**Q** 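Let me begin by handing over the structure; questions about it come next.
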Amino acid sequence: MGFIEEIKRRRTFGIISHPDAGKTTLTEKLLLFGGAIQEAGAVKSNKIKKTATSDFMEIERQRGISVATSVLAFLYKDKKINILDTPGHKDFSEDTYRTLTAVDSVIVVIDVAKGVEEQTEKLVEVCRMRNIPIIVFINKLDREGKDAFDLLDEVEQKLHLSVTPMSFPIGMGYDFKGIYNLWKQNIQLFTGENKQTIGNKKEFNSLDSPELEKAIGAKSITKLREELELVKGVYPVFDRNSYLAGNQQPVFFGSALNNFGVQELLDCFVEIAPSPLPKASEERLVNPSEKPFSGFVFKIHANMDPNHRDRLAFVKVVSGTFERNTPYLHVRHNKKLKFSSPNAFFAERKEIVDVSYPGDIVGLHDTGNFKIGDTLTSGEFLHYKGIPSFSPEHFRYINNDDPMKSKQLFKGIDQLMDEGVAQLFTLHLNGRKIIGTVGALQFEVIQYRLLHEYSAKCSYENVNIYKACWVEANPNSSDFKEFKRIKQKFLAEDKSGQLVFLADSAFSLQMTKDTYKEVKFHSTSEF
Ligand code: G4P
């Protein structure tokens, strides 16, 4: 197969959802269709057990396992599918945000009963910012939930999307009878079995089929007809270009657990979802079909063995081919590096790979050369954009508890921040260090890892911060000078040296914005 065909057949995407909506179940069913696993349960058993959410030791243990599910690749209808794991637990969302920079599209899973939930809103916002093509899958139709039209409204309003149903449910919960597939114009009946392997389903190609009427009853057919009329009247027809541009989002209904509506989703996905897209670097737009290799690090996974500080850096191939034992330029260090055992990922294995194509993810063993956002190329000085930091939600001062070990502590903090575990802010006023995390549990994880991997002891102290905002201003503007003078106490530097305003309340942030009109406050580090 030629280079261009290899690119065209790749589909690299992430599944995002609020915890418990069914992301793991859906992932598993997709793997099942791809023949990558034979029975459901394999991915699931790797999942962090819900009971362990307050037990960071368990998370530590699971960290190793989750390397295996970071990228799940399989072939389906001759397409190479790469699913990037976007950890759904609240404490991992920083990781999730970063993974979104490496996907070419996403599938959003929504629980039919719970509707749009908080984490989904946040993640979809990031996708919208980057115009990532989105498909919505409304899950758990075998349970009682919200009315389909109400849900579609909710998705549009809360997620600011413009939806077009590709399938429509016939009944719901106890009364769930099946799904009308608007994309293929056929109907599938739900048999109610809890299918863990791919089973047969009954399919009808027309709403007028007498067998169908016998199966679901005249009343259901009349209702479905009315609903489909409404769908046609209210929603635009699917337009692939609008979907690819991030302006229209197709919606599917189904039940991942029951394997219902999943194949329809996958069949449509492989047809409409984008193959690897051009990516903007600071210098220029890079096309996947360019021959020279380029890629960027979007995730770093520390090894479980505390005695070996080796880590796995996940690189998304953007252009050209990544080849084993070939020297590549590490742009930030201006240094050539060669990799003798790059890993590629399949269902749940990782294997040494000789050649990887755009869209693929390569795992590189690293002893501390990489940090998130680093670019690797065949020689060109490119810097890939698009791995911004978002404001953390929890902040604490970090103190060194063992003055003899301050070197170890700073090295440890440095490396953990490179991994993207948390963010570090250094106060202008006194140089004190503040750690910011997305989930509160991360503080325990950092403390534990600093002690076990770097023999450094630390403790935390509360600090009253509501949000971190990245500051942009003309350095000579009087407004900015005044802002810096008055708000000195709240100013810090992030790890890359950017100026950050640490607001102590929503009110003070608004007041500050209103007072210093020439200063811009951004919610991400890239603007
Ligand atoms: P997550 O990765 O998004 O957190 O969700 P996950 O797939 O783990 O699913 C959360 C719960 O929802 C699981 O139940 C799962 O079995 C259930 N679920 C997923 N899809 C469906 C569906 O289509 N219908 C119904 N009725 N349930 C569904 P659990 O009891 O929390 O876990 P488990 O004991 O089944 O492992």
Side-chain angles (χ1 to χ4, degrees), residues 13-33 37 39-53 58-59 62 65-66 68-72 83-93 95-96 99-100 106-124 134-146 148 151 167 169-179 188-199 201 251-266 348 439 441:
F13 76 107
I15 304 180
I16 57 178
S17 72
H18 193 84
D20 270 351
K23 183 170 69 77
T24 316
T25 313
L26 179 64
T27 306
E28 199 162 76
K29 295 299 150 82
L30 295 177
L31 291 178
L32 212 55
F33 283 111
I37 55 171
E39 227 181 291
V43 179
K44 189 112 200 146
S45 59
N46 282 344
K47 211 181 133 172
I48 292 172
K49 294 268 175 297
K50 290 175 190 92
T51 48
T53 47
E58 178 61 16
I59 289 182
Q62 296 281 352
I65 298 169
S66 69
T69 54
S70 289
V71 185
L72 296 162
I83 307 183
L84 306 196
D85 187 28
T86 50
H89 190 280
K90 213 167 183 235
D91 280 316
F92 289 86
S93 25
D95 232 14
T96 307
T99 300
L100 290 179
V106 299
I107 294 180
V108 179
V109 184
I110 291 172
D111 184 321
V112 70
K114 294 190 181 143
V116 173
E117 295 174 86
E118 183 201 341
Q119 196 159 311
T120 314
E121 277 184 68
K122 285 191 190 162
L123 294 169
V124 169
I134 300 173
I135 295 180
V136 178
F137 181 72
I138 298 184
N139 190 27
K140 307 196 187 181
L141 263 286
D142 57 315
R143 284 196 185 162
E144 290 305 323
K146 301 188 182 186
L151 258 175
S167 72
I170 310 171
M172 186 179 292
Y174 179 71
D175 198 29
F176 181 48
K177 296 206 169 75
I179 281 175
Q188 267 178 56
L189 291 192
F190 179 61
T191 51
E193 291 156 32
N194 199 339
K195 291 184 224 144
Q196 291 301 308
T197 50
I198 303 163
K201 45 193 171 229
V251 179
F252 284 85
F253 290 83
S255 165
L257 184 67
N258 292 286
N259 225 339
F260 201 78
V262 177
Q263 188 161 19
E264 294 62 36
L265 171 74
L266 183 59
E348 286 180 78
L441 194 63

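Start at 1 with the first residue, then count along the sequence. Worth knowing before you read on, the calculation uses all heavy atoms, side chains too, and leaves out hydrogens, waters and symmetry mates. If you're wondering where the values come from, they're calculated on a predicted model, not measured in any experiment. Counting starts at 1 for both ligands and their atoms, following the listed order.
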**Q** Flag Ala256 as yes when one of its N or O atoms lies below 3.5 Å from any N or O atom of ligand 1, and as no otherwise.
**A**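 Between Ala256 and ligand 1, an N or O pair is found under 3.5 Å apart.
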**Q** Mark up the atoms of ligand 1 that fall under 4.0 Å of a heavy atom belonging to Pro19, in ascending order.
**A**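 In order of number, 4 (O).
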**Q** Applying side-chain contact (heavy atoms from CB on, under 4.5 Å) between Ile16 and each of Val109, Thr120, Leu100, report the one that passes.
**A**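 The residue from Val109, Thr120, Leu100 that satisfies side-chain contact (heavy atoms from CB on, under 4.5 Å) with Ile16 turns out to be Leu100.
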**Q** Would Asn258 count as being in polar contact with ligand 1, using the rule that some N or O on each side must be under 3.5 angstrom apart?
**A**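 It does not: no N or O of Asn258 is found under 3.5 Å from an N or O of ligand 1.
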**Q** At under 4.0 Å between heavy atoms, which part of Asp142 makes contact with ligand 1: side chain, backbone, both or neither?
**A**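 Asp142 to ligand 1: side-chain contact only, backbone stays beyond 4.0 Å.
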**Q** Which ligand 1 atoms, with their elements, are less than 4.0 angstrom from a heavy-atom of Ser17?
**A**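 That gives atoms 3 (O) of ligand 1.
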**Q** Please list, in number order, the atoms of ligand 1 under 4.0 Å from a heavy atom of Lys23.
**A**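 Answer, ordered by atom number: 1 (P), 2 (O), 3 (O), 5 (O), 7 (O).
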**Q** Is any side-chain heavy atom of Ile15 closer than 4.5 Å to a side-chain heavy atom of Leu30?
**A**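 Counting from C-beta outward, Ile15 and Leu30 do come under 4.5 Å.
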**Q** A side-chain contact here means heavy atoms from C-beta on lying under 4.5 Å apart; do Leu265 and Leu26 qualify?
**A**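 Yes, at least one pair of side-chain atoms sits under 4.5 Å.
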**Q** What I'd like to find out is whether the side chain of Phe13 reaches to under 4.5 Å of the side chain of Ile83, using heavy atoms alone.
**A**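 Touching, per the 4.5 Å side-chain cut-off.
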**Q** What do we get for Ser255 next to ligand 1 when only non-hydrogen atoms under 4.0 Å count, side chain, backbone, both or neither?
**A**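 Both parts.
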**Q** Judging by distance only, is a nitrogen or oxygen of Leu26 under 3.5 angstrom from one on ligand 1?
**A**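 Looking only at distances, the answer is no, because the N/O contact criterion of under 3.5 Å is not met.
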**Q** Is there a side-chain contact between Phe33 and Val262, using heavy atoms and a 4.5 Å cut-off?
**A**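 Of all side-chain heavy-atom pairs linking Val262 with Phe33, at least one is under 4.5 Å.
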**Q** Considering only heavy atoms, which of Ile138, Leu141, Thr25 lies nearest to atom 7 (O) of ligand 1?
**A**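 Heavy atom nearest to atom 7 (O) of ligand 1 belongs to Thr25.
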**Q** Return the orientation label for the Phe260 and Phe190 ring planes: parallel under 30°, perpendicular over 60°, tilted otherwise.
**A**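 Answer is perpendicular, since the angle exceeds 60°.
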**Q** State, with a plain yes or no, whether a side-chain heavy atom of Val112 is found less than 4.5 Å away from one of Met172.
**A**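 Contact flag for Val112/Met172 side chains = yes.
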**Q** Taking N or O atoms only and a 3.5 Å limit, does Gly22 qualify as a polar contact for ligand 1?
**A**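 The answer is yes, given that Gly22 and ligand 1 share an N or O pair closer than 3.5 Å.
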**Q** Out of Asp20, Thr24, Leu257, indicate the one that has the non-hydrogen atom closest to atom 22 (C) of ligand 1.
**A**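 Going through Asp20, Thr24, Leu257 one by one, Leu257 has the nearest heavy atom to atom 22 (C) of ligand 1.
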**Q** Are Val116 and Glu121 close enough that some pair of their side-chain heavy atoms sits under 4.5 Å apart?
**A**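 When only atoms from C-beta onward are counted, Glu121 and Val116 do touch, with a gap below 4.5 Å.
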**Q** With a 4.0 Å heavy-atom cut-off (strictly under), which part of Arg143 contacts ligand 1: side chain, backbone, both or neither?
**A**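 Only the side chain of Arg143 comes within reach of ligand 1.
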